[in-house]
Amino acid sequence: MQFLSPEEWTAVALSLRVAFWATLLALPLAIAVAWWLARREFWGKQLLNGLVHLPLILPPVVTGYLLLLTFGRRAPAGAWLEETFGLIFAFRWTGAALAAGIMGFPLMVRAIRLAIEAVDPKLEEAASTLGASRAWVFVTVTLPLILPGVIAGTLLGFAKAMGEFGATITFVSNIPGETQTLPSAIYAFLQVPGGEASALRLVVISVVIAMTALLLSETLARRAAKRVSGR
Amino acid sequence: MQFLSPEEWTAVALSLRVAFWATLLALPLAIAVAWWLARREFWGKQLLNGLVHLPLILPPVVTGYLLLLTFGRRAPAGAWLEETFGLIFAFRWTGAALAAGIMGFPLMVRAIRLAIEAVDPKLEEAASTLGASRAWVFVTVTLPLILPGVIAGTLLGFAKAMGEFGATITFVSNIPGETQTLPSAIYAFLQVPGGEASALRLVVISVVIAMTALLLSETLARRAAKRVSGR
Amino acid sequence: MSISINLHHQFPELTLDVDFDAPAGVTALFGASGSGKTTVVNAVAGLLQPDRGRISVAGTALLDTSAGLRLPPHKRRIGYVFQEGRLFPHLSVQQNLRYGRWFAGLRGPSQAEDHLVEMLGLGALLNRRPGDLSGGEKQRVAIGRALLSEPRLLLMDEPLAALDGPRKAEILPYLERLRDETQVPILYVSHAISEIARLATTVAVMERGQLRKAGPTGDILADPSLAHAIGLRDTGALLTGRVVAHHMDGLSELAAGGGKLFLPKVPNALGEQLRVRISAKDVMLSRDRPVGISALNILDCEVSEIRPGRGPGAFVRLKAGADHILARVTKRSVNALGLAPGLSCYAVIKSVSVARADVGADVGTEASSDHA
Amino acid sequence: MSISINLHHQFPELTLDVDFDAPAGVTALFGASGSGKTTVVNAVAGLLQPDRGRISVAGTALLDTSAGLRLPPHKRRIGYVFQEGRLFPHLSVQQNLRYGRWFAGLRGPSQAEDHLVEMLGLGALLNRRPGDLSGGEKQRVAIGRALLSEPRLLLMDEPLAALDGPRKAEILPYLERLRDETQVPILYVSHAISEIARLATTVAVMERGQLRKAGPTGDILADPSLAHAIGLRDTGALLTGRVVAHHMDGLSELAAGGGKLFLPKVPNALGEQLRVRISAKDVMLSRDRPVGISALNILDCEVSEIRPGRGPGAFVRLKAGADHILARVTKRSVNALGLAPGLSCYAVIKSVSVARADVGADVGTEASSDHA
Amino acid sequence: TVFAAASLRNALEEVGNTWAENTGHRLRYSFAGSSALARQVEAGAPADLIILANEAWMDHLDGQRLLQQDSRVDLLGNALALIGPAGAAPLDLGPGIIERLGDGRMAMALINAVPAGIYGKAALETLGLWQEIALQVAQTDNVRAALALVALGEAPLGIVYHSDVLAEPRVQQLARFPSDSHPAILYPAALTVDSRSEAAADLLEHLQSPIAKEVFLRHGFTIPSE
Ligand SMILES: Nc1ncnc2c1ncn2[C@@H]1O[C@H](COP(=O)(O)OP(=O)(O)OP(=O)(O)O)[C@@H](O)[C@H]1O
Ligand SMILES: Nc1ncnc2c1ncn2[C@@H]1O[C@H](COP(=O)(O)OP(=O)(O)OP(=O)(O)O)[C@@H](O)[C@H]1O
Ligand SMILES: [Mg+2]
Ligand SMILES: [Mg+2]
């Protein structure tokens, strides 16, 4: 292909991979946290809520730095994860996914929480009288009903993950093929003389991907909403 | 005060000013756009929707660069604004506000749009039969009813504006007292060896401010929601 | 003519075609679910733009598609009471009440407001929030809100349908006072015959988007040919009677149907005019004056018409004094008693079979023609 | 004893205190709004945890606070039909129906399912979505869904309250078949007497959180001392009758109350046992056998009790053959006719005053004791 | 793996790729800001060779004993340039700058944080112009952003690296700051302690070869005189 250099292709592919896994793995947690925030009253609820929003508020560089302090190979959490699970975030694409996931997390939680708050608990009661335990009620009733919100949140998170840069480059650096995502590549191009044209090309690509994801999400969410409306 | 240097105080004050104006001015536009997206079907709706989300998706540096291309003094829009209204963004805190507003815009629109979609059009019909023209219906019925969503969106936008850095520094650079916001100051500290402690202090301040805003918004929104529920 | 409605509108599944003029007073729109009543009301309010039509209220045209006139809702000066109240949840009761006044250019407290608040019994509610109110209170506020904007016409789309029995009973007297004390014509949608019997001056019966028949309430409700549209068990005549005595044993005596009518005590003063709906199914017929029977009301009548139905029943129309009574009996009894037009017979009606809801204040025919 | 309920629960505004045992069949909970019916039903379903109590169904304890037993809802094997249906909007009708079966460990199609689908007339709906269904169809699906989980007990909280007249009439026969064809005991909440009269074996009357009285349907509905709780106009006796003839003129003849009862044609076969509710207000009394009168039903009775009310009316309890009839007449008539216990008199009932909704299939007393 | 300051990208890739082809070694880069790279190395990044645009950060790493002893070399140097929009007349380093600036802004990188900014400030101080210019400085988070401000005509003057000027046709160098007007601009390179690879040492050597020097010079860098 003429349009993109192999290296750029790698960045695109990596970005997609990172965003995909970031969203996929953040999703269950986002659903759990959203449920917790929507349906439960507990001590420290506002604290959790604030914590979830933190990545939205902090400058990404700070987030990245905090990640580095927490999950770096020399850091306690990072070392523990590496020893126990052999899971290494530092300077791996997994770390990029972690950063992207964390940055998209607040967006996902917000969208899903609103969806959960809109589900009528009476339907869940009905399911429980029909023999479904709490977990089954969630899987068979709540989850299908919040699907539009989940889709919207997921794709928003995905789009954000595709665009995340500050935290990623600070946390896992910018290694082509390993941690160089599209935005990092854009950054790298912008740092050298004459790189603007290449950067622009990559911007266009990332916008196209993100927009596609976003439009897709709206369409999917609308379709799911229609389904859920019972018609 | 011992804790913060005068220069840091300036940054905090400036950040607050920038975030305040950014949110205040983005708000009416966000409401209008949210209403448009929630209540109207029109050609290019998805395009507008995508455009609104763009700042959420693009690396902030790119957004900043695009702003520079659009609202710089030599750029057509920038020049026009300067000639017509004497409105200059470049290197002014107004520019920082513009950047912050644009970065927070998608968050505001999303929250407000959901609130509008939840308003029963039947109440608006009822208002119209009571003699209220469209504009009055909006002011006297729709707006009070979406207040919780507006508050949530506003404060989210405010928090985002407080934390915005990439687009701001690219667009209006970092002029102490004029465009040096809190995140820029944090960034500067992080660039030098041993600056972490100072950066951390500023991070704590910005987190405290943003969290206060966020909790405030949740409380206000809950109170408004209670009011709107008619009890 | 107070209201004139001519509408044509094509829905995917229904063609609406309505043309009727209604005099002042309460005009009831009656018809099965889906017959298009709400559509008509919405068109009058301007919430639906019909394909073609002309609507005018007291001579002012609100809609005239041939002349290209389509007033928007907020310029029609029409009060609309919706089934669900639709109170503004963010405003207090008082603010709700004043909402329309403000747009009508009527600011501040006013005599009209005080009067209405008193009439609808809203005094104690003014500072409450809509969410706190019971269904019946909500509807009273909604009625007040619509009236206070000083509308040319009041639309009420099943204002009582969402309420249970006691709540309905609580509101009906307010609606009667409304009808009697204000000059605003009312278009009232309902499928409860007892409401219509108590309130309406005119009834328009709709069927599948078309107007079936329109006319004075008494005529329509006692029209055996409409019995199917109205419901066999709901068909019955309206008797007008004057209260002549309240007896010690808890019965009130009315002069009605050319004789006496005993009812469980009514709250009305002596001399007041009431309308009483007598369901056809509750009327028993006898050739001879029955004696030793528990029923207290025995009216001397003349059979004016017998209309057998498809089933085992038949409607017998009777002239009782100046009024008409409708009785529903079996065909077998018609034969057994040898009933035929012109024959005289006795209508036997149990006092306790007349429901409280079927007795209401009457707007005298003279009075209503005065309005017109 | 099929269901045994003993509950104590303290709400801020209401103390719930209920203790009753119900035999197999349909047990109706009746009471004014806010009397705590839904609370009882929710406690049985496990959706509300009462302060103290013991609930057992067919000998299995679901709740026993003194023993620390509180089964969670999904382990109670109870079918609950809610007023609003609460169908799962994201599932098809068939998937809704099978939802509970799956958790009960009953997979795939089954005879029970086919039978129920047929019995509730759901065949044509299986692939539809709940949003498409009419209110009546929704409730039928909800009933099927609850039943297909093979519950120990079926709870129905005003399952028909949200439906209009025709829709109610459409479902009632299904409920009768349910009662007669399945062995599941039913706890049925309603404040429509006609439903209770048609369906219930036992009625429990609640008032402000307390149990007022419980007993067989016929006794409760015809109990003048409960007339205020039940409603003056709704009080009336249940007659049990056998269809003996369908006449050419559209009338059906029943042997009931020691005589003949003519009703507009009923769909039931000759020999079938029916229960007919005769509202007390529709019964006229006469000392002598009336002649030349349109009412077809004249039953020979003996006055067993006279209970004057506070108002102008009085209830007269009559023995008609093996059955009891309740009549509501004015005190004035009681005096005029000189009625007194032991006196014989005639009850006069118009055929057409018996509503279609008041005639239903009867579950013979023998049959129901079989279930117990 | 080579961790290098983002501004070295074009030159370093050119040199490095040739080397990789010739030796058959696999070469990976990570380009980012010097502070980010240094912190990452501190956190255990898998870097073999690091090249920063900032001596302070290299000193910092040295202090943490993260660098192989004696491996540190000052690989490259750079010069500071005063730039203006294309077509602007050359300018003497003196009060003329203030005149040319008018009420416009002087675009520089962060004067306390980013090396180019620190050097620029020092140079202006040496020239005795800092006091007057200080209030008119627009600081950016990196040199390229400062360059962009001038290129877009937002700022009439800017101070950037000489190496940045070449490829941007919309700007032009107006003057070059004398190398003694500011601390020497050096790009220190070093091997990390984690690096076991012979290749990394070989690359570091190669980067100091004449062929490499030619490439670096072509990209506008200077070679430290030592
Ligand atoms: N917006 C619409 N689009 C398509 N069809 C409509 C629309 N509104 C009404 N209809 C059609 O008009 C019919 C009559 O509706 P309408 O609400 O006027 O009936 P109604 O007499 O008020 O019934 P109900 O007593 O149930 O309120 C509906 O059954 C439907 O087929
Ligand atoms: N969760 C609750 N918290 C506080 N009070 C409650 C609660 N649930 C019920 N109550 C009280 O119990 C009373 C009875 O409620 P319940 O819903 O059981 O009545 P009901 O007989 O079902 O009435 P309806 O016929 O209106 O459905 C209510 O009026 C209320 O005072
Ligand atoms: Mg309607
Ligand atoms: Mg209830």
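The figures that follow rest on heavy atoms only: side chains count, while hydrogens, waters and symmetry mates do not. So you know, we letter chains A, B, ... as the sequences are listed, proteins then strands, and number each from 1.
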[X] [atom1]: over 12 foreign heavy atoms closer than 6.0 Å:
X        : atom1 : answer
A:Leu29  : CG    : yes
A:Arg39  : CZ    : yes
D:Arg177 : CZ    : yes
D:Lys75  : NZ    : no

Which bit of [X] comes within less than 4.5 Å of chain A, counting heavy atoms only: side chain, backbone, both or neither?
X        : answer
D:Leu91  : neither
D:Leu47  : side chain
D:Arg128 : neither

Minimum heavy-atom distance D:Ala146-A:Leu130, with the two atoms named: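 Distance-wise, the nearest heavy atoms are CA-CD2, 4.1 Å.
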Minimum heavy-atom distance D:Phe88-A:Val141, with the two atoms named: CE2-CG2, 3.7 Å
Under 3.5 Å: donor-acceptor pair, side chain of D:His90, backbone of A:Ala224: no
Exam field: side chain D:Arg86 to backbone A:Lys122, donor-acceptor pair closer than 3.5 Å: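 Answer holds: yes.
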Value rounded to 0.5 Å, distance of [atom1] in [X] from [atom2] in [Y]:
X        : Y        : atom1 : atom2 : answer
D:Trp102 : A:Trp136 : CH2   : CH2   : 3.5 Å
D:His74  : A:Thr129 : NE2   : OG1   : 12.0 Å
A:Thr140 : D:Phe103 : OG1   : CZ    : 4.5 Å
D:Glu84  : A:Asp120 : CD    : CG    : 8.0 Å

When A:Ala132, A:Ser133, A:Ser128 are compared by non-hydrogen pairs under 4.5 Å with chain D, the top option: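 Counting heavy-atom pairs under 4.5 Å, the top option is A:Ala132.
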